[in-house]
Amino acid sequence: MVPPSVLVPQTHQGPHTKFTDAQPTTQGKVELADWDQFHFAPIRESTVSRAMTKRYFADLDKYTESDVVIIGAGSAGLSAAFVLAKNRPDLKIAIIEASVSPGGGCWLGGQLFSALVARKPADVFLNELGVEYEDEGNYVVVKHAALFMSTLMSKVLQFPNVKLFNATAVEDLITREDEQGLRVAGVVTNWTLVALNHDTQSCMDPNTINCDVVLSTTGHDGPFGAFSAKRMAQIYDSKAKLGGMRGLDMNHAEDAIVKGTREVVPGMVIAGMELAEVDGSNRMGPTFGAMMLSGVKAAESVLNALDTRHRQNLGGYGGKQSV
Ligand code: AHZ
């Protein structure tokens, strides 16, 4: 038996204490400590609260001026976040996700089936992520959609310049009227539980995040979906009319979403299935290549929009204090 001291520290030596140094025996079996003697390092309950809240509030403070806000942590939003965060460690990227569990609709491939289908050339993105697949010629198949999503999410969340605020809904946009016209300048947020219950809650007032570019990837219309498309159709009379997503046509839909990914109005890039509501393009159903590559193109559009903002000197990279 491995002596208890290997697994259970006799003295608690702070964050570097190793709890899991159990060694394989010569028979190849890992033996653990004497469980009768097992205990965790002591802690006071308020310490746990402070460990969470001081970080959360520091992040709220830090990201209340972001470079980029991504609305929606589905396959399109997280694909864009991956490319942006990887290539531009200097950018502060806040991701706002209404659901407690990020990932959008990408935990299953379609209906209740596990596998994820992606048409080529989206295999390039899977290679970049390091997700394995079966090559079927014109398309590839990942064994579990959840494998794709969990890999993508774990990579995105490890970037030091990314903060995910989940259980938080974007319920309006910050807009600015200046010489260049009307532009999107940030988002208005609330706890999703409040956003869903405005008719019953007495506390209605939201929070805000200013940023140079918003990337909206809230999916097609639904209780939360197509949020920015719907809001912009109200704010901008002609520029961002709701086209209404059309019926399913995989071949047209995927090309249209990737080609259409762009800065739809100044300061607002739209990607993923939300775009089908803006442009009136088809849906593609259970094939995810367009979500990945729309995310990649969205990252490029966001960087172009940031450059434009920088050139206009309206608060770009360094001018966070200007309104
Ligand atoms: O919770 C939503 C989801 O995780 C989130 N979201 C929506 N409105 C929000 C708001 N504030 C914050 N107001 C919000 N978050 O946005 C995420 C959208 O993810 P998704 O997976 O639904 O969209 P996507 O465009 O990334 O992927 C679409 C996948 C689809 S749908 C489809 C079809 O129906 O034909 N085909 C594909 C591949």
Side-chain angles (χ1 to χ4, degrees), residues 67-89 91 93-99 101-110 116-133 139-142 144-159 161-164 166 213-220 225 228 253-264 268-276 281 283-306:
D67 295 292
V68 183
V69 170
I70 299 177
I71 317 176
S75 42
L78 289 176
S79 297
F82 175 77
V83 177
L84 275 174
K86 187 169 178 196
N87 290 292
R88 290 294 300 270
L91 297 179
I93 303 164
I95 306 175
I96 314 293
E97 169 52 55
S99 173
S101 15
C106 197
W107 293 109
L108 290 160
L116 174 146
V117 174
R119 291 161 64 204
K120 290 183 178 177
D123 53 324
V124 173
F125 188 70
L126 295 171
N127 295 340
E128 174 78 13
L129 274 185
V131 172
E132 286 188 11
Y133 52 77
Y139 66 97
V140 299
V141 183
V142 180
H144 292 103
L147 172 63
F148 163 71
M149 180 45 70
S150 59
T151 306
L152 175 60
M153 198 185 301
S154 77
K155 298 217 165 179
V156 168
L157 296 185
Q158 284 182 62
F159 287 116
N161 55 333
V162 168
K163 172 65 189 172
L164 168 70
N166 43 343
V213 182
V214 172
L215 166 59
S216 193
T217 59
T218 66
H220 59 64
S228 303
E254 292 214 278
D255 291 359
I257 293 292
V258 176
K259 284 183 182 159
T261 298
R262 66 191 183 282
E263 188 178 11
V264 172
M268 164 74 76
V269 175
I270 298 192
M273 277 309 288
E274 183 168 5
L275 206 58
S281 53
R283 66 189 297 190
M284 74 285 302
T287 170
F288 282 84
M291 297 302 111
M292 299 171 202
L293 298 191
S294 173
V296 173
K297 190 177 174 205
E300 199 180 292
S301 303
V302 164
L303 294 179
N304 287 336
L306 281 171

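As the structure is a computational prediction, the values presented were derived from the model and not from experiment.
In this structure a side-chain-to-backbone donor-acceptor pair under 3.5 Å is present from Glu274 to Thr218. Without hydrogens or angle criteria, Lys155 side chain to Leu129 main chain gives a donor-acceptor distance under 3.5 Å. Within the 3.5 Å criterion, the main-chain N or O of Val258 finds a donor-acceptor partner in the side chain of Lys297. Between the side chain of Asp123 and the main chain of Val140, no donor-acceptor pair closer than 3.5 Å is present. Here the side chain of Asn161 pairs a donor or acceptor atom with the backbone of Leu91 at under 3.5 angstrom.
Taking the side chain as every heavy atom from C-beta outward, Pro286 and Val117 never approach each other to under 4.5 Å. Between Ser75 and Met149, some side-chain heavy-atom pair lies under the 4.5 Å cut-off. Side-chain atoms of Ser79 and Leu152, non-hydrogen and from C-beta on, do get closer than 4.5 Å to each other. In this structure the side chain of Leu215 reaches within 4.5 angstrom of the side chain of Thr217, judged on heavy atoms. Looking at Met284 and Met291, their side chains come closer than 4.5 Å, going by heavy atoms from C-beta outward. The closest side-chain heavy-atom distance from Leu147 to Glu132 is not below 4.5 Å. Within the 4.5 Å cutoff, the side chain of Leu275 has heavy atoms near those of the Thr261 side chain.
Across every non-hydrogen atom of Leu116 and Cys106, the tightest pair is CD1-SG, 3.6 Å. The nearest pair of heavy atoms linking Leu306 to Val68 is CD1-CG2, 4.1 Å. Nearest heavy atoms, Ala118 versus Thr287: CA-OG1, 4.3 Å. Across all their heavy atoms, Ala80 and Ala299 have their closest contact at O-CB, 3.9 Å. Minimum interatomic distance between Phe288 and Gly105 (heavy atoms only, all atoms of both residues): CZ-O, 4.1 Å. In this structure, Ser150 and Trp107 approach most closely via the heavy-atom pair N-CZ3, 4.1 Å.
The OG atom of Ser101 sits 8.0 Å away from atom CG of Asn166, with the distance rounded to the nearest 0.5 Å. Note that the CG atom of Asn87 and the CG atom of Leu303 stand 7.5 Å from one another [nearest 0.5 Å]. If you take OG1 on Thr151 and CG on Leu78, they are separated by 12.0 Å, rounding to the nearest 0.5 Å.
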**OP:** For side-chain contact (heavy atoms from CB on, under 4.5 Å), just list the numbers for Ser281 and Ile257, CA-CA rounded to whole Å, side-chain angles, deciding distance to a tenth of an Å, and then say yes or no.
**Re:** CA-CA 8 Å; Ser281 53; Ile257 293 292; 4.0 Å; yes
Original post:
Going through the checks in order, is the side-chain contact (heavy atoms from CB on, under 4.5 Å) test met by Val142 and Leu126?
Top reply: CA-CA 9 Å; Val142 180; Leu126 295 171; 3.9 Å; yes
**OP:** Take Val156 and Ile95, measure what side-chain contact (heavy atoms from CB on, under 4.5 Å) needs, and give me the verdict at the end.
**Re:** CA-CA 10 Å; Val156 168; Ile95 306 175; 3.9 Å; yes
Original post:
Step by step, would you call Arg262 with Val269 a side-chain contact (heavy atoms from CB on, under 4.5 Å)?
Top reply: CA-CA 5 Å; Arg262 66 191 183 282; Val269 175; over 6 Å; no
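Between the side chains of Ser301 and Glu263, no donor-acceptor pair of N or O atoms lies under 3.5 Å.
Within 6.0 Å of NZ on Lys120 lie more than 12 heavy atoms contributed by other residues, nucleotides or ligands.
Under the 30°/60° scheme for interplanar angles, the aromatic rings of Phe125 and Phe82 are found to stand perpendicular.
Take Tyr133 and apply the ring pair (Phe, Tyr, Trp, His ring centres under 6.0 Å) test, not counting sequence neighbours, and it matches no residue. Checked against salt bridge (charged side-chain N to carboxylate O under 4.0 Å, His left out), Glu128 has the following partners two or more places apart in sequence or in another chain: Lys86. For the salt bridge (charged side-chain N to carboxylate O under 4.0 Å, His left out) test, residues two or more places apart in sequence or in another chain that qualify with Arg119 are Glu254.
With Ser216 as the partner, the side chain to side chain contact (heavy atoms under 4.5 Å, CB included) test is satisfied by one option alone out of Ile70, Ile96, Ile71: Ile71.
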